[in-house]
Amino acid sequence: MKGKLQDMAVADLIQLTCQDRKTARALIKNGGERGELFFKNGNVVHAELGALTGEQAVYRLMNWDQGNFDLTADVDSPEITITRSWTSLLLEAARLADEGTERENEEGEAAAGAAVLEPARGGDKKFVEIIQEFSVLPPQGLLQQFSEKIAGHRLSCLTQVRGTGLYWYSTSSVELEELMEQVNQFVKMVETATNKLGAGSLQDNLLTTEDAYLLIRFLGRDNYYIFVVADKTSANLGNLRHQARVYTDRFISSLKLEGAIV
Amino acid sequence: MSDNLPSILREVRADLGDYFLSSDIVGLDGISISGEAAEPGFNTELAAAHIAMIMKLAERVSGNLKLGRVTENQLTTNELIALSRPLGDGSFYWSVVAKGEATYGLMRAVMDQYDLRLWGAISA
């Protein structure tokens, strides 16, 4: 497959190749410069660009918004210099792009005189969107992403009934310790009632007050649940429950990635 | 039609038809003052005790966050939906449990239709 970076950004190329779980080499040319990306079974395992190799080469290549690429299937990588997943790689690239600062590699980069990453340009917006939709963010980042999709959002937590896991996101100050103790007591009572009455497996609990909706969505793994509070006047109840359902699997994947659950 | 609690709960049961599983009026002490269940062996006392505790704990959480009075709690499992509300001055709770195939909208509509009558029968 051949193409222009104006039509398919490097982030798109990585996403498509990795989602197809391909083993391949992408040769990318931009003026007099030439870089290579190597894929193995759906992950980026090696990259080269001038004196740069590994992740730093990938980050630099992702700043190219002009040039050509040529993807050849079934080409093995000469070495393995990248071990993180492709989603994690893109996530780190987005984080660096968001910072909008040039970061120097501690030793080798300085010698090569190469800036690892330049501020985000127009072509980088695409891979930020890809990350938001497809990658598995860490729990804290995912909770913030989830919260931003809830109209009237006040507070959200990802936590355990019996355990130490706790992530939270709020735009206002909250006495979290006392609140979570009360929420956990509430959840335990809901669990106990469900079990004692043989009422099946818990999916969610929606508490409605004069001013707000408080939704608890059970993840069904290691006692984890999401707790979200939204203003009743501006929240859409259907969307609130829909987003909680949609994000259930994403939170499970994120917690797995974090090693919080197996 | 005599407006007493058992007869009103039988009407609630009729409105929900095959979806109906149980309904209880519970005091703040967790004791049921009236109940109706599709299954004869349904443990009303146990259900009543848990409903009261869930609602009390819900009020604590809402109070902590200053979210106002609790108006409803909906618990959903893969098998059923349980809706609970305070009645009248909040000295009693009313819960309706229906099969999971029932809709939240239907249950709310039925509860909206009967909650004032239930409170009227309690306070009469």
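Per chain, numbering begins at 1; letters A, B, ... match sequence-line order.
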Inset, instruction - Pick whichever of B/Asn43, B/Leu21, B/Leu46 has the most heavy-atom pairs under 4.5 Å with chain A. - result: B/Leu46
Inset, instruction - With A/Val190 as reference, evaluate B/Leu75, B/Thr77, B/Leu57 under the side-chain contact (heavy atoms from CB on, under 4.5 Å) test and give the passing residue. - result: B/Leu75
Nearest 0.5 Å, please: how far is [atom2] in [Y] from [atom1] in [X]?
{"X": "B/Glu59", "Y": "A/Phe186", "atom1": "CD", "atom2": "CZ", "answer": "10.5 Å"}
{"X": "A/Leu179", "Y": "B/Asn64", "atom1": "CG", "atom2": "CG", "answer": "5.0 Å"}
{"X": "A/Lys188", "Y": "B/Ile54", "atom1": "NZ", "atom2": "CD1", "answer": "14.5 Å"}
{"X": "B/Asn78", "Y": "A/Leu202", "atom1": "CG", "atom2": "CG", "answer": "9.0 Å"}
{"X": "B/Met55", "Y": "A/Leu207", "atom1": "CE", "atom2": "CG", "answer": "7.5 Å"}
{"X": "B/Leu80", "Y": "A/Leu197", "atom1": "CG", "atom2": "CG", "answer": "8.5 Å"}

Counting only heavy atoms closer than 4.5 Å, note whether [X] contacts chain B via side chain, backbone, both or neither.
{"X": "A/Leu155", "value": "side chain"}
{"X": "A/Ser201", "value": "both"}
{"X": "A/Tyr213", "value": "neither"}
{"X": "A/Glu178", "value": "both"}
{"X": "A/Arg217", "value": "neither"}

Inset, instruction - With a 4.5 Å cut-off on heavy-atom pairs, point out which of A/Glu181, A/Glu175, A/Lys196 contacts chain B the most. - result: A/Lys196
Strictly distance-based, threshold 3.5 Å: is any side-chain N or O of [X] a donor or acceptor partner for the main-chain N or O of [Y]?
{"X": "B/Thr71", "Y": "A/Thr208", "result": "yes"}
{"X": "A/Glu210", "Y": "B/Arg69", "result": "yes"}
{"X": "A/Thr209", "Y": "B/Leu67", "result": "yes"}

Has [X] got more than 12 heavy atoms of other residues, nucleotides or ligands less than 6.0 Å from its [atom1]?
{"X": "A/Lys40", "atom1": "NZ", "value": "no"}
{"X": "B/Tyr19", "atom1": "OH", "value": "no"}
{"X": "B/Asp112", "atom1": "CG", "value": "yes"}
{"X": "B/Glu39", "atom1": "CD", "value": "no"}
{"X": "A/Gln140", "atom1": "CD", "value": "yes"}

Inset, instruction - Give the minimum heavy-atom separation between B/His50 and A/Thr192, together with the two atoms involved. - result: NE2-CG2, 3.8 Å
Legend entry - A/Asn205 and B/Thr76, any side-chain heavy atoms less than 4.5 Å apart: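 Sidechains of A/Asn205 and B/Thr76: no contact.
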Inset, instruction - Check whether any side-chain heavy atom of B/Arg60 sits under 4.5 Å from a side-chain heavy atom of A/Gln185, and report yes or no. - result: yes
Legend entry - Under 4.5 Å from any heavy atom of chain A - which part of B/Lys66: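 The backbone, not the side chain.
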Legend entry - chain A contact via B/Leu65 - which portion, at a heavy-atom distance below 4.5 Å: both
